[in-house]
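First comes the structure, then the notes that go with it.
Each ligand, and each atom within it, is numbered from 1 in the order the structure gives.
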Amino acid sequence: MNRSLALFIIVLAAVPFLPTPEFWITLFNYIGLYSIVALGLVLLTGVAGLTSFGQAAFVGLGAYSTAYLSTQFGLSPWIGLLAGIVITAGAAFFIGAITMRLSGHFLPLGTIAWGLSLFFLFGNLEFLGKYDGLNGIPPITVFGHSLESGRQMYLLIWLVVVLAVIAVQNLLNSRPGRAIRALRGGGVMAESMGVNTAWMKIVIFVLAALLASVSGWLYAHLQRAVNPTPFGLNAGIEYLFMAVVGGAGYVWGAILGATILTLLKDQLQSILPRLLGANGNFEVIVFGVLMVLLLQRAREGIWPFLRRLLPQKPNVLAPSSAPALSTRARHTTGEVVLQVIRARKEFGGLVAVNDLEFEVRAGEIMGLIGPNGAGKSTMFNLVTGVLPVTSGEIRFRSGGTLERIDNLPSRQIVRRGIARTFQHVRLMPTMSVLENVAIGAHLRGTHGDISGIATSVLRLNRTEESSLLFEAKRQLERVGLGHLLYEEAGSLALGQQRILEIARALCCDPNLLLLDEPAAGLRYKEKQALAELLTKLKGEGISVLLVEHDMDFVMNLTDRLVVMEFGTKIAEGLPSAVQQNPAVLEAYLGGID
Ligand code: ADP
Ligand code: MG
């Protein structure tokens, strides 16, 4: 546990035992309740990039579940908690499966839609007391102590906050957490590393809803009454405000945002009506102005400014040794690994890849060259499942046979041993170099998505984590970036970012490596080091398919070349022969130097 968290806990625990006025206890209780919901939004919105205005509805599900069961059937609040969790998980799974598919602003609009629906549902159901709600909710009992007063509830509420902070931090600094953080990158990179992004979005949506639901449970037993008002769209917007104001990308941002907005609201509600001489929710206007200012001046929220005052240290450290991960069997040198059969890709009327045919053999470095726009990157996207072929077949050797892969999604293709880098680097700029590369090792962890999350939250994943991080460090050292493990990836020079992508691809333990312009932006020495590395990989039986414009680099390194122009193969063969080919010289206008 880190020192700031320990200090935070000590200060918190002291509050109810000091002569703190009741008023402040109440305020703190609300800050705690809001923090739990905002923490869910940090995961969902700040980390995974999925905006939701509807979290208040899940608070309502948690609150109404326990309220109904405890008032109508006299069941224990603890059973109410369980029921709330089960009901919320079910509802969130259902809603998430529908809304998480929406993209752009349709997603937030979708969350508004179901947020409103649940709100009206609470208000219209007879057995939930319609808009009057349910009264006479019993207090929570812990080890025979009944938590009747706000002061007694305080400790439970903040215990939940602290546990939620620890759980979310544990999750984020682990294999599933890295996969979740990679969602922000838009999905192509994460899928290429084996992450099932659609499923991960639903899982994260359910987790955020569960945090909201637990907050609702605490709320119901603190208030001892529920009605629909606090679970409407207004509240949903305020929760999002809290996360964004505090810093939606940071665990502590949630608590900071909940604190600031709760205190501010309390002050404004007493000051503004006096100032304006009229009653009304004027604080909403101030919040709106605050939000606009923030979006212009500090998109990351307020926490990053405070964080700068604290000592910086890496989220995760690579161990100096760890049990090795298992590796896949290499192919026998010389056998066909990749077979491209009349592969075609059309974008509207444009034929980007025109019935292309070639093969890559085990332990060979094959170059794919051609002028800009020839279709090389598109070819990579076809092989890795980023784009579907218009027609034709692509086969890859796995388990002894050449298996068709052109109908598989990216994450299934990387699972079979094809890893890639991107021409336009795709990495998570605020994550450390080490963590970025560890995303590549995603498929080498053994847990499923759900059990992976559970073990990470409970920190039962230490052995696997150290193996994954050790592998990431090993690959970084291998490509010559071992001295930059804890730098932010975005701070690296572009050439280094490309090399980082190679290390990430190597973490996939590939049999075929696709490199899209890896030497662009490298200095002479760095290019030499890259050439050495690729030769070494070849020696290990890994095949490489290389797109590169630096002709010296290509001619010295590759075993064979395929030359493309306007989507069509115009030449194939040994580099020395291709270099003399008139069609190739023609395509390159003035020849290859
Ligand atoms: P290269 O990598 O050889 O420079 P690309 O594969 O990037 O070439 O592009 C080949 C052609 O396909 C270009 O004309 C490009 O504009 C077009 N193209 C590539 N991707 C897309 C896309 N997603 N939608 C439409 N056209 C595309
Ligand atoms: Mg390209």
Side-chain angles (χ1 to χ4, degrees), residues 103-104 185-192 197 338 340-358 360 365-392 394 405-407 409-410 413 418-427 494-495 497-502 504-505 512-522 527 530 534 544-551 553-555 557-558 560-572 575 578 581 583-592:
S103 58
V188 170
M189 184 272 282
E191 287 274 334
S192 295
T197 55
L338 180 76
V340 177
I341 307 163
R342 295 183 70 78
R344 186 178 188 84
K345 182 66 192 177
E346 296 174 7
F347 295 110
L350 177 85
V351 183
V353 174
N354 185 8
D355 297 343
L356 204 69
E357 293 214 317
F358 67 88
V360 180
I365 301 181
M366 166 129 142
L368 186 60
I369 63 169
N372 273 327
K376 307 177 297 292
S377 295
T378 304
M379 192 60 234
F380 270 26
N381 285 338
L382 297 182
V383 172
T384 53
V386 172
L387 295 170
V389 292
T390 306
S391 64
I394 298 171
I405 57 165
D406 51 85
N407 43 15
S410 295
I413 293 174
I418 303 183
R420 70 172 297 179
T421 64
F422 295 91
Q423 180 180 351
H424 305 286
V425 289
R426 291 182 189 251
L427 38 74
L494 199 57
Q497 296 188 3
R498 292 178 177 285
I499 301 296
L500 183 159
E501 287 211 338
I502 297 178
R504 186 178 65 194
L512 173 63
L513 192 58
L514 306 188
L515 304 178
D516 203 342
E517 305 195 13
L522 292 190
K527 283 186 188 176
L530 176 60
L534 297 186
V544 180
L545 184 58
L546 177 77
V547 166
E548 186 47 61
H549 284 301
D550 181 330
M551 281 306 149
F553 187 82
V554 170
M555 293 299 164
L557 189 64
T558 54
R560 272 183 325 123
L561 283 179
V562 165
V563 189
M564 289 177 79
E565 188 187 20
F566 298 123
T568 310
K569 180 168 84 177
I570 56 168
E572 177 171 7
V578 165
N581 186 313
V584 175
L585 294 173
E586 179 73 17
Y588 274 89
L589 287 176
I592 298 170

> For V360, which of L512, V544, V340 qualifies under side-chain contact (heavy atoms from CB on, under 4.5 Å)?
Replying inline: L512

> Is it the side chain, the backbone, both or neither of L350 that has a heavy atom closer than 4.0 Å to ligand 1?
Replying inline: side chain

> Is any side-chain heavy atom of F566 less than 4.5 Å from a side-chain heavy atom of V351?
Replying inline: no

>> With a 3.5 Å distance limit and no angle check, can you tell me whether N354 reaches the backbone of T568 through a side-chain donor-acceptor pair?
In response: no

>> My question is simple, although I want it checked carefully: is atom 14 (O) of ligand 1 less than 4.0 angstrom from any protein heavy atom?
In response: yes

>> If the threshold is 4.0 Å, N to carboxylate O, is there a salt bridge linking R504 and E501?
In response: yes

> Will you find, in the side chains of Q423 and S377, an N or O donor that is under 3.5 Å from an N or O acceptor?
Replying inline: yes

> Measuring from M564:CE to F358:CZ, what's the distance to the nearest 0.5 Å?
Replying inline: 8.0 Å

>> Distance under 4.0 Å to a non-hydrogen atom of A374: what atoms of ligand 1 satisfy this?
In response: 1 (P), 3 (O), 8 (O)

> Can you tell which of G373, P371, G348, G567 gets a heavy atom nearest to atom 11 (C) of ligand 1?
Replying inline: G373

>> Show me which atoms of ligand 1 lie under 4.0 Å from any heavy atom of S377.
In response: 1 (P), 2 (O), 6 (O), 7 (O)

>> Suppose we measure from atom 8 (O) of ligand 1 to each protein heavy atom; which comes out shortest, and what is that distance?
In response: G375 N, 3.2 Å

>> With heavy-atom distances below 4.0 Å as the criterion, list the atoms of ligand 1 near T378.
In response: 5 (P), 6 (O), 9 (O), 10 (C), 19 (C)

> If you round to the nearest 0.5 Å, how far is CE of M366 from CG of L514?
Replying inline: 10.5 Å

>> Run the salt bridge (charged side-chain N to carboxylate O under 4.0 Å, His left out) test against K345 and tell me which residues pass, sequence neighbours left out.
In response: none

> For G370, is the nearest heavy atom under 4.0 Å from an atom of ligand 1?
Replying inline: no

> Where is the nearest protein heavy atom to atom 18 (N) of ligand 1: which residue, which atom, and how far?
Replying inline: F347 CE1, 3.5 Å

>> Quick check: do S391 and R342 have side-chain heavy atoms less than 4.5 Å from each other?
In response: no

>> Can you tell me which residue among L368, I369, V578, L546 is in a side-chain contact (heavy atoms from CB on, under 4.5 Å) with T558?
In response: L546

> With a cut-off of 2.8 Å, how many protein N, O or S atoms neighbour the Mg ion (ligand 2)?
Replying inline: 2

